[in-house]
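Here the structure is a predicted model, which means the values were calculated and not measured.
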Amino acid sequence: IPKVGSGGNSRLPTIACPGNLTVNADPGVCTGTATYTAPVGADNYPSSTTALTAGFASGTSFPSGTTTNTFNVTDAAGNTSACSFTVTVTDNQVPTIVCPADVNVSNTPTFCTGVATYTAPTGADNCAATTTQTLGLASGATYPVGVTTNTFEATDAAGNVASCSFVVTVADAEVPGITCPPSFSLNTDLGQCTAVLPYPVPT
C-alpha cells in the first residue's frame, strides 16, 4: 500500500515482486524449500530500504499450503510502497501403511463363528495422515466361518491415499455330533420272515 511521507518528496518508491511460486514438499517433511529473487525497491532519492515484512526469506523452508510474502520499500522521506506474491507448497507424497499378517483362527465351540484379534495398522506420512478401516471387521470382533478381508486406508490432508489389506480365516474345526437310537430286539411279524420297526431317525 503506497504511503506518502512528510519529508517533502511526493514521489513514491517502486517495487516489483516475482511471480507466485509452487514447489513440492521436501522428501519426508511437511515443508518445502522455495528460492526466489528478492525484490529491491527503487526511488528518486539516493537511498531506500527494502524489507521483508511477511512470509519467509528465499532458500528457507515454507509450510505446506500457501504463504504470502510481502516486501516494503521505504525512501529517506518516509514514502513507502509494497508488493506481494505467494509461495505454495504442495504435498505430493503418498502415505505409507503396512497391514499385519493374515490371521487364522478356529471357530468358537458350538458356534459357526470365531473371535479374531490383530494390531490395527497406522498410516505414516510426511504430513499428518488419518487411518480408517474401509472393509472388514475390527480386532476382537466375531468373524463368520470362512474368509473375511480387512482393508485399511491412510489419507493425508492433501488427499493422497495408500491402502493395505489382510484376511481373517475362521476354520470350522468342530466335528459334528450325532446320536443313534438304542438297539432293538423284536419278533417277526405274524406269518412273515420280517418285522416292521419304526424308529426315530437320528439328526
Side-chain angles (χ1 to χ4, degrees), residues 1 16-39 51-72 82-174:
I1 300 173
C17 279
N20 296 333
L21 298 177
T22 299
V23 298
N24 290 326
D26 296 331
V29 294
C30 199
T31 59
T33 302
T35 59
Y36 58 86
T37 301
L52 175 66
T53 58
F56 301 95
S58 175
T60 59
S61 293
F62 286 70
S64 180
T66 300
T67 300
T68 299
N69 274 11
T70 300
F71 285 82
N72 277 9
C83 68
S84 298
F85 65 100
T86 61
V87 174
T88 300
V89 176
T90 301
D91 175 18
N92 64 341
Q93 299 176 48
V94 178
T96 59
I97 187 169
V98 179
C99 278
D102 295 342
V103 178
N104 297 283
V105 296
S106 297
N107 69 295
T108 302
T110 74
F111 289 93
C112 196
T113 57
V115 176
T117 59
Y118 58 85
T119 301
T122 301
D125 191 56
N126 60 316
C127 297
T130 301
T131 304
T132 56
Q133 184 171 11
T134 59
L135 187 67
L137 300 171
S139 175
T142 299
Y143 284 73
V145 165
V147 176
T148 300
T149 300
N150 282 352
T151 300
F152 287 81
E153 283 188 353
T155 306
D156 65 17
N160 301 311
V161 179
S163 66
C164 67
S165 297
F166 66 100
V167 298
V168 172
T169 301
V170 178
D172 179 9
E174 192 168 349

Within the distance-only criterion (no hydrogens, no angle test), does the side chain of [X] pair as donor or acceptor with the backbone N or O of [Y] below 3.5 angstrom?
X: Thr117; Y: Gly140; value: no
X: Gln93; Y: Asp26; value: yes
X: Asn160; Y: Val94; value: no

Any side-chain heavy-atom pair from [X] and [Y] closer than 4.5 angstrom?
X: Ser58; Y: Thr35; result: yes
X: Val105; Y: Val103; result: yes
X: Thr131; Y: Ile97; result: yes
X: Thr110; Y: Glu174; result: yes
X: Pro63; Y: Cys30; result: no

Atom of [X], atom of [Y] and distance for their closest heavy-atom approach:
X: Ser84; Y: Thr68; answer: CB-CG2, 4.1 Å
X: Thr151; Y: Ser165; answer: OG1-OG, 2.7 Å
X: Ala154; Y: Gly123; answer: CB-CA, 3.8 Å
X: Asn69; Y: Gly55; answer: OD1-CA, 2.9 Å
X: Val98; Y: Pro121; answer: O-CB, 3.1 Å

Exercise. Is there a donor in the side chain of Thr88 and an acceptor in the side chain of Thr66, or the other way round, less than 3.5 Å apart?
Worked result: yes
Exercise. With distance as the sole criterion, is a donor-acceptor pair present between the side chains of Thr90 and Asn24 under 3.5 Å?
Worked result: no
Problem set entry | Residues Thr134, Phe152; criterion side chain to side chain contact (heavy atoms under 4.5 Å, CB included); working and verdict | CA-CA 6 Å; Thr134 59; Phe152 287 81; over 6 Å; no
Seminar exercise, completed: Sorted by chain and number, sequence neighbours left out, ring-ring contact (aromatic ring centres under 6.0 Å, His included) with Phe166 holds for Tyr118
For this session: Measure the acute angle between the ring planes of Tyr36 and Phe85, then classify it against the limits of 30° and 60° as parallel, tilted or perpendicular.
Result: perpendicular
Return all side-chain donor-acceptor pairs below 3.5 angstrom for residues 142-149, not counting sequence neighbours, or 'none' if the list is empty.
| from | atom 1 | to | atom 2 | distance (Å) |
| --- | --- | --- | --- | --- |
| Tyr143 | OH | Leu137 | O | 2.6 |
| Tyr143 | OH | Ala138 | O | 3.3 |
| Tyr143 | OH | Asn150 | ND2 | 3.0 |

Seminar exercise, completed: So OG of Ser106 and CG of Asp172: to nearest 0.5 Å the spacing works out to 9.0 Å
For this session: Give the intermediate values and the outcome of side chain to side chain contact (heavy atoms under 4.5 Å, CB included) for residues Asp125 and Asp91.
Result: CA-CA 10 Å; Asp125 191 56; Asp91 175 18; 3.6 Å; yes
